[in-house]
Novice: 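Questions regarding the structure given below will be posed in turn.
Any value given below was found using the heavy atoms of this structure, including those in side chains, with hydrogens, waters and symmetry copies removed.
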Amino acid sequence: MDIGRARARQVLVLSTSALSPAARLRGLRPDWLSDPKVWRTEVLAGLVVALALIPEAISFSIIAGVDPAIGLFASFTMAVTISIVGGRRAMISAATGAVALVIAPLNREHGLGYLVAAVILAGVIQIALGALGVAKLMRFVPRSVMVGFVNALAILIFMAQVPEMHDVPSAVYPLIIAGLALMVFFPKITTVIPAPLVSIVILTVITLAAGIAVPTVGDKGDLPSSLPIPGLPDVPFTMDTLTTIAPYALAMALVGLMESLMTAKLVDDITDTHSSKTRESIGQGIANIVTGFFGGMGGCAMIGQTMINVKVSGARTRLSTFLAGAFLMVLCIVFGPVVSDIPMAALVAVMVMVSFATFDWHSIAPKTLKRMPTGEIAVMVITVACVVSTDNLAIGVVVGSITAMVIFAKRVAHLANVTAVTDPDGTQVVYSVTGELFFASSNDLVGHFNYATDPDKVVIDLIAAHIWDASSVAALDAIETKYKQRGKTVEIIGLNQPSAQIHEKLSGELVGNH
């Protein structure tokens with residue numbers, strides 16, 4: 001296989017070197033520069049996402065207790081910056097509800113200056129965590145947790161739309177139904193224009209032409225009329241300030257990274273492509289630092305808008321992410337009055353469709369549940385329950401992962417078995433140990449030996465076992481000690497190289513002399 005790859009690389013190098021400089025330059029161009037279809041898809045996807053970002057950013061600003069412009073500025077700077085420095089193409093980062101919930105108490109108690117300072121510090125922490133390789137921990141997130149994460153996100157996206165359907169004029173409901181119908185049936189006619197964009201435009205035209213009085217984007221808050229101006233946070237640069245903002249910055253950094261890396265992994269699966277999670281972690285940090293210096297409230301990856309961009313609109317490049325942020329400011333500053341007239345029902349319909357498309361319906365199908373191990377189902381349900389009950393994706397992922405590890409440890413612990421065979425002449429007994437020896441399985445190991453009645457020579461055969469930790473070495477030392485107290489000798493054989501290394505290093509150092 002390595003030879004085949006080497007030959008393939010050689011052929012690629014030779015074929016590339018044979019091309020003219022202009023041809024080689026064209027080969028290095030992004031897809032959206034060389035393919036008009038990709039360009040059109042990315043531009044329209046960016047426009048749809050920008051429209052969907054506006055009410056979300058305003059809502060999250062309200063949660064954080066800041067002016068709507070602060071959330072909109074954050075969405076603009078996050079999207080534009082991450083499109084350049086991020087690791088996951090086509091993923092949307094902007095102001096989010098999770099970050100808003102974390103920093104709201106800081107803004108309430110100390111003011112906007114401290115909030116902005118915390119955003120900058122959170123970005124620094126994210127860069128440090130990214131450089132330290134924290135992103136590699138994503139490999140320990142089980143599939144059942146990932147499925148629970150996705151399903152919980154779909155539920156949260158839908159639940160976030162419920163207030164927009166409560167205590168509203170009756171005209172809102174047929175508008176939402178019409179929007180959903182357009183998004184379902186319009187792609188059967190053509191996919192050149194994203195169905196969500198068509199739905200938003202048609203519903204806006206209908207409400208304006210017919211004079212239908214329904215809640216609009218403008219009802220959420222005033223849109224900014226100018227670009228954000230960079231500057232330092234208005235706080236005293238003292239240790240007291242640092243100690244005040246540090247806990248909030250750390251919480252924001254962790255929550256933001258967790259959501260961003262989980263979203264990046266989800267997009268990897270949807271697009272069958274790989275992204276650098278380390279680069280994404282560092283990119284999120286840089287984006288938050290830039291956002292802080294522009295007076296924004298910070299943010300992270302947005303699952304809803306990302307699904308609109310990737311799954312609904314079909315975007316695959318950084319251009320859509322960049323344009324989402326750029327269009328957001330253009331729409332607010334240049335077309336503010338028009339955008340303010342967009343009915344919220346149109347955006348609610350888009351987000352309901354996103355929630356439906358995001359949910360993994362196969363995971364709850366009767367056939368799937370019938371075949372799936374009970375532990376896997378339990379982990380998925382626990383993850384969903386934690387996320388939905390706390391509105392915190394990070395808590396759900398952590399609790400789900402810990403639950404999965406406990407179930408795995410319990411399952412593997414039962415795979416360690418001990419069988420004894422005594423020689424016919426009665427001078428030696430051989431204990432064959434099979435399975436994985438670690439803290440959960442080695443605790444019961446000591447009780448499988450007959451110390452009083454065994455012959456004078458005892459052989460412990462570990463050829464079919466593996467030692468993973470100090471608990472297992474301590475258990476073997478305890479077994480040897482019990483036999484020596486009775487004047488019997490113990491020989492341990494069959495250790496593989498890693499097991500032998502850990503046993504040699506720790507044996508005799510873990511059991512005290514009494």
Novice: Any donor-acceptor pair under 3.5 Å linking the side chain of Asn496 with the backbone of Ile463?
Specialist: no

Novice: Donor-acceptor check, side chain of Ser260 to backbone of Gly256, threshold 3.5 angstrom: yes or no?
Specialist: yes

Novice: For Ile303 and Glu259: C-alpha separation, side-chain torsions, deciding distance, then whether side chain to side chain contact (heavy atoms under 4.5 Å, CB included) applies.
Specialist: CA-CA 8 Å; Ile303 182 65; Glu259 290 205 32; 5.8 Å; no

Novice: Less than 4.5 Å apart, side chain to side chain, heavy atoms only: is that true for Leu197 and Leu51?
Specialist: yes

Novice: Counting only N and O atoms by type, is there a donor-acceptor contact under 3.5 Å from the side chain of Tyr173 to the main-chain atoms of Met165?
Specialist: yes

Novice: Do the side chain of Thr368 and the main chain of Ile364 share a donor and acceptor less than 3.5 angstrom apart?
Specialist: no

Novice: What distance separates Thr96 OG1 from Ile92 CD1, expressed to the nearest 0.5 Å?
Specialist: 13.5 Å

Novice: What side-chain hydrogen bond (donor to acceptor under 3.5 Å, both in side chains) pairs are there with at least one residue in residues 344-356, not counting sequence neighbours?
Specialist: none

Novice: To the nearest 0.5 angstrom, please state how far the CZ atom of Arg371 sits from the NZ atom of Lys367.
Specialist: 7.0 Å

Novice: Would you sort out whether Gln284 and Ser93 count as a side chain to side chain donor-acceptor pair (under 3.5 Å), showing the intermediate values?
Specialist: CA-CA 8 Å; Gln284 289 289 330; Ser93 290; 2.9 Å; yes

Novice: For Leu182 and Pro187, work out which heavy atoms get closest and say how close.
Specialist: O-CD, 3.9 Å

Novice: Does a side-chain heavy-atom distance below 4.5 Å link Met380 with Ser363?
Specialist: yes

Novice: Could you go through Trp361 and Phe356, starting from their C-alpha distance and side-chain angles, then the distance that decides it, and tell me whether this counts as side chain to side chain contact (heavy atoms under 4.5 Å, CB included)?
Specialist: CA-CA 9 Å; Trp361 297 100; Phe356 183 85; 3.6 Å; yes

Novice: What pairs with Tyr483 under ring-ring contact (aromatic ring centres under 6.0 Å, His included), at least two apart in sequence or on another chain?
Specialist: Tyr451

Novice: Measure across Ser144 and Val379 and return the closest heavy-atom pair with its distance rounded to 0.1 Å.
Specialist: OG-CG1, 3.2 Å

Novice: Nearest heavy-atom pair of Val446 and Lys482: which atoms, and what distance?
Specialist: CG1-CE, 3.6 Å

Novice: Going by atom types only, do Ser275 and Lys277 share a side-chain donor-acceptor pair under 3.5 Å?
Specialist: yes

Novice: Taking all heavy atoms of Met302 and all of Ala94, pick out the closest pair and write down the distance.
Specialist: SD-CB, 3.4 Å

Novice: Go through the steps to decide whether Gln428 and Thr422 satisfy the test side chain to side chain contact (heavy atoms under 4.5 Å, CB included), and finish with yes or no.
Specialist: CA-CA 6 Å; Gln428 174 180 288; Thr422 305; over 6 Å; no

Novice: Check step by step if side chain to side chain contact (heavy atoms under 4.5 Å, CB included) holds for Asn151 and Val147.
Specialist: CA-CA 6 Å; Asn151 290 345; Val147 173; 3.7 Å; yes

Novice: Check for a donor-acceptor pair, side chain of Ser320 on one end and backbone N or O of Thr317 on the other, with a separation under 3.5 Å.
Specialist: yes

Novice: Would you say Asn309's side chain and Ala90's backbone share a donor-acceptor pair under 3.5 angstrom?
Specialist: yes

Novice: Are the side chain of Thr204 and the backbone N or O of Ile200 linked by a donor-acceptor pair below 3.5 Å?
Specialist: yes

Novice: Could you state the interatomic distance from CD1 (Ile127) to CD1 (Ile286), rounded to the nearest 0.5 Å?
Specialist: 5.0 Å

Novice: Quick one: do the Arg89 and Thr321 side chains pair a donor with an acceptor below 3.5 Å?
Specialist: no

Novice: Given 3.5 Å as the limit, does a donor-acceptor pair link the side chain of Ser401 with the main chain of Val398, or not?
Specialist: no

Novice: With a 4.5 Å limit on heavy-atom distance, are the side chains of Asp360 and Phe149 in contact?
Specialist: no

Novice: Donor-acceptor pair, Thr77 side chain versus Ala74 backbone, under 3.5 Å?
Specialist: yes

Novice: Identify the heavy atoms of Ala135 and Thr278 that sit nearest to each other, and give their distance.
Specialist: CB-N, 3.8 Å

Novice: Between Trp468 and Phe439, is the ring centre distance below 6.0 Å?
Specialist: no

Novice: Can you name the closest pair of heavy atoms from Gly130 and Ser281 and give their distance?
Specialist: CA-CB, 3.6 Å

Novice: More than 12 non-hydrogen atoms from neighbouring residues, nucleotides or ligands closer than 6.0 Å to CZ on Arg143, yes or no?
Specialist: no

Novice: Do Ile82 and Glu280 touch side chain to side chain, with heavy atoms closer than 4.5 Å?
Specialist: yes

Novice: Would you check if the side chain of Ser472 reaches a backbone N or O of Phe438 as a donor-acceptor pair within less than 3.5 Å?
Specialist: yes

Novice: Testing Asp469, Asp477, Leu476 one by one against Val473 for a side chain to side chain contact (heavy atoms under 4.5 Å, CB included), which residue passes?
Specialist: Asp477

Novice: For Phe359, does the CZ atom have more than 12 heavy-atom neighbours from other residues, nucleotides or ligands under 6.0 Å away?
Specialist: yes

